[in-house]
Amino acid sequence: MTEPTFAELVSRWYEENARDLPWRKPDVGAWAILVSEVMLQQTPVVRVLPAWEAWLARWPVPAALAADSPAEAIRMWGRLGYPRRALRLRECAVAIVERHGGSVPDRLDQLLALPGVGTYTARAVAAFAYGQRHPVVDTNVRRVVCRAIAGEPDAGPTTRPADLVATEELLPEEPAAAALASAAFMELGALICTARAPHCDRCPVESTCAWRASGQEAPAGPTRRPQRYAGTDRQVRGLLLRVLRETTGPVPHQRLDQVWADDVQRARALAGLVEDGLVEPVGTEAFRLAGDGPAPPLPTPNLTY
DNA sequence: GTCCGGTCAA
DNA sequence: TTGACTGGAC
């Protein structure tokens with residue numbers, strides 16, 4: 001009898017303990033999975049859930065989103081944060097229509113070439129939507145592998161090629177089992193092997209965890225600079241965008257002036273939104289969400305002769 | 001106040 | 001390699 005592997009232990013735990021998330025249901029297509037991965041990039045599951053449902057109800061296929069305006073995408077993004085993701089997801093839909101006939105590609109290089117799709121998301125879609133064998137490494141997986149295998153207290157701030165290799169070595173050979181294991185690693189990091197207060201008493205690999213065995217050392221020091229939000233351009237961008245989102249069409253600049261008192265910072269934030277393609281000037285006195293114009297005129301039947 | 005994280009551009 | 005990019009939960 002051989003000992004169960006690390007991936008087998010975590011996968012068994014996953015099958016008993018995974019959260020019941022809608023994008024994990026068996027009949028969910030690649031587009032829905034791609035949308036969920038982009039939304040989850042920097043955002044907790046609970047906030048993504050309603051936005052994902054609404055987004056896919058409105059745009060069930062990439063071509064539907066590609067045909068709609070950036071403004072509508074930004075509006076539907078709501079308060080998920082990092083609204084450039086909405087813009088990129090729409091650009092991604094356009095690219096999928098133009099390059100791949102409207103179907104989410106299944107090749108890693110083609111996924112990586114899509115706007116807003118990076119190392120993590122490309123592998124997540126290839127694995128979870130298409131059942132391919134790829135290491136899928138987000139911050140949770142990096143932490144799990146770093147602790148349980150290397151015995152180190154903390155993973156580095158970014159995913160490095162070595163992290164992909166270390167994770168790949170843990171995957172079962174069979175592609176579907178590998179995809180399941182990747183989902184299981186992520187879930188373990190999200191629910192048990194959490195950053196600050198891990199629940200080792202409920203961990204399926206506690207007995208083989210190198211970090212646990214070595215005394216569960218705390219991370220050496222702060223690995224990240226303190227993050228601030230209040231008072232930053234980020235906050236001002238958010239406030240400006242909220243006003244624009246809640247209005248259809250142009251908003252007079254006087255109304256935008258009310259969201260933030262500091263003229264210099266407000267102007268800088270607004271210029272940044274324009275620079276990012278989220279907002280566009282209308283004349284000299286107003287701004288609107290990108291493409292939030294009147295519907296393009298329908299071709300009118302020629303009745304004039 | 002503190003925590004959180006993938007992508008992209010600089 | 002570093003920093004910009006949000007907004008909600010705690």
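In what follows, chains are A, B, ... by sequence order, proteins preceding strands, each numbered from 1. The analysis underlying the following values was restricted to heavy atoms, covering all of them including side chains, and did not include hydrogens, waters or symmetry mates.
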J.: Roughly how many Å is it from CH2 in W77(A) to C1' in dG8(C), rounded to a whole number?
T.: 15 Å
J.: Select base, sugar-phosphate, or nothing to describe what T119(A) touches, counting heavy atoms under 4.0 Å on all strands.
T.: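 Since only primed, P, OP1 and OP2 atoms lie under 4.0 Å of T119(A), the category is sugar-phosphate.
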J.: R79(A) near the nucleic acid: base, sugar-phosphate alone, or nothing, with a heavy-atom cut-off under 4.0 Å?
T.: sugar-phosphate
J.: Would you name the heavy atoms of P115(A) and C92(A) that are closest together and state the gap between them?
T.: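 Here P115(A) and C92(A) meet closest at O-CB, 3.6 Å.
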J.: Base, sugar-phosphate, or nothing: which does R245(A) touch, judged by heavy atoms less than 4.0 Å apart?
T.: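 The residue R245(A) makes sugar-phosphate contact but no base contact.
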J.: Please pick, from dC3(B), dT6(C), dG6(B), the nucleotide with the shortest atom-to-atom distance to any side-chain atom of R196(A).
T.: dC3(B)
J.: Tell me: CZ of R143(A) to C1' of dC4(B), nearest whole Å?
T.: 10 Å
J.: Below 4.0 angstrom, N of the basic side chain to O of the carboxylate: do R90(A) and E72(A) qualify?
T.: no
J.: Is P83(A) touching bases, backbone alone, or none of the nucleic acid, heavy atoms closer than 4.0 Å?
T.: sugar-phosphate
J.: Take atom OH of Y120(A) and atom P of dT7(B), then tell me their distance rounded to the nearest Å.
T.: 8 Å
J.: For L80(A) and dG5(B), what is the distance between atoms CG and P respectively, to the nearest whole Å?
T.: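 Distance, rounded to whole Å: 16 Å.
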J.: Nearest to the side chain of R160(A) - dT1(C), dG7(C), dT6(C)?
T.: dT1(C)
J.: Okay, side chain of T194(A), backbone of A190(A): is any donor-acceptor separation there less than 3.5 Å?
T.: no
J.: Select from T158(A) and R242(A) the residue whose nearest nucleotide in DNA chain C is closer to the 5' end of that strand.
T.: T158(A)
J.: Considering every strand and a 4.0 Å limit on heavy-atom distances, what is the contact class for V38(A): base, sugar-phosphate, or nothing?
T.: nothing
J.: Taking only side-chain N and O atoms of Y229(A), does any of them lie within less than 4.0 angstrom of OP1 or OP2 on dT6(C)?
T.: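 Checking dT6(C) against Y229(A), no side-chain N or O comes under 4.0 Å of OP1 or OP2.
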J.: Distance between the C1' atoms of dG7(C) and dA9(B), in whole angstroms?
T.: 23 Å
J.: How many Å lie between CZ on R85(A) and C1' on dG6(B), as a whole number?
T.: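 Checked: the CZ to C1' distance equals 9 Å.
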J.: Rounded off to whole Å, could you give me the CG-to-C1' distance for the D233(A) and dT6(C) pair?
T.: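 About 12 Å, once rounded to whole Å.
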J.: Using the closest heavy atom to pick a nucleotide of DNA chain C for each, name whichever of D276(A) or R47(A) lands nearer the 5' end.
T.: D276(A)
J.: Would you call L289(A) and L278(A) a side-chain contact if the rule is heavy atoms closer than 4.5 Å?
T.: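 Counting from C-beta outward, L289(A) and L278(A) never come under 4.5 Å.
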J.: Which is more 5' along DNA chain B, the nucleotide nearest E275(A) or the one nearest Q42(A)? Just name the residue.
T.: Q42(A)
J.: Does this structure show an ion pair linking R133(A) with E174(A), if we count only N-O contacts that are shorter than 4.0 Å?
T.: no
J.: Using a distance-only criterion (donor-acceptor N/O pair, under 3.5 Å, no hydrogens), is the base of dG5(B) paired with the side chain of Q41(A)?
T.: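 Donor-acceptor pair under 3.5 Å: no.
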J.: From the options dG7(C), dG6(B), dT6(C), select the nucleotide whose nearest atom is closest to the side chain of R237(A).
T.: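 So the side chain of R237(A) is nearest to dT6(C).
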J.: Give a yes/no answer on whether the side chain of R142(A) brings an N or O atom under 4.0 Å of OP1 or OP2 in dG6(B).
T.: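 So the side chain of R142(A) is within the cut-off, an N or O lying under 4.0 Å from OP1 or OP2 of dG6(B).
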J.: Determine the interatomic distance between C1' on dG8(C) and the same-named atom on dC8(B); round to the nearest Å.
T.: 24 Å
J.: Take atom CD of E91(A) and atom P of dC8(B), then tell me their distance rounded to the nearest Å.
T.: 10 Å
J.: Quick one: on DNA chain B, does A230(A) or P115(A) contact a more 5' nucleotide (nearest heavy atom)?
T.: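 With A230(A) and P115(A) compared, the 5'-side residue is A230(A).
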J.: Just how far, in rounded Å, is P of dT6(C) from CG of L240(A)?
T.: 11 Å
J.: Closer than 3.5 angstrom, by distance alone: can the side chain of R123(A) be matched with the main-chain N or O of H134(A) as a donor-acceptor pair?
T.: no
J.: Given dC8(B), dG8(C), dT6(C), which nucleotide is nearest the side-chain atoms of R88(A)?
T.: dC8(B)
J.: Picking from dG8(C), dT6(C), dT7(B), which would you name as closest to the side chain of T121(A)?
T.: dT7(B)
J.: Does W55(A) have its ring centroid less than 6.0 Å away from the ring centroid of W77(A)?
T.: yes
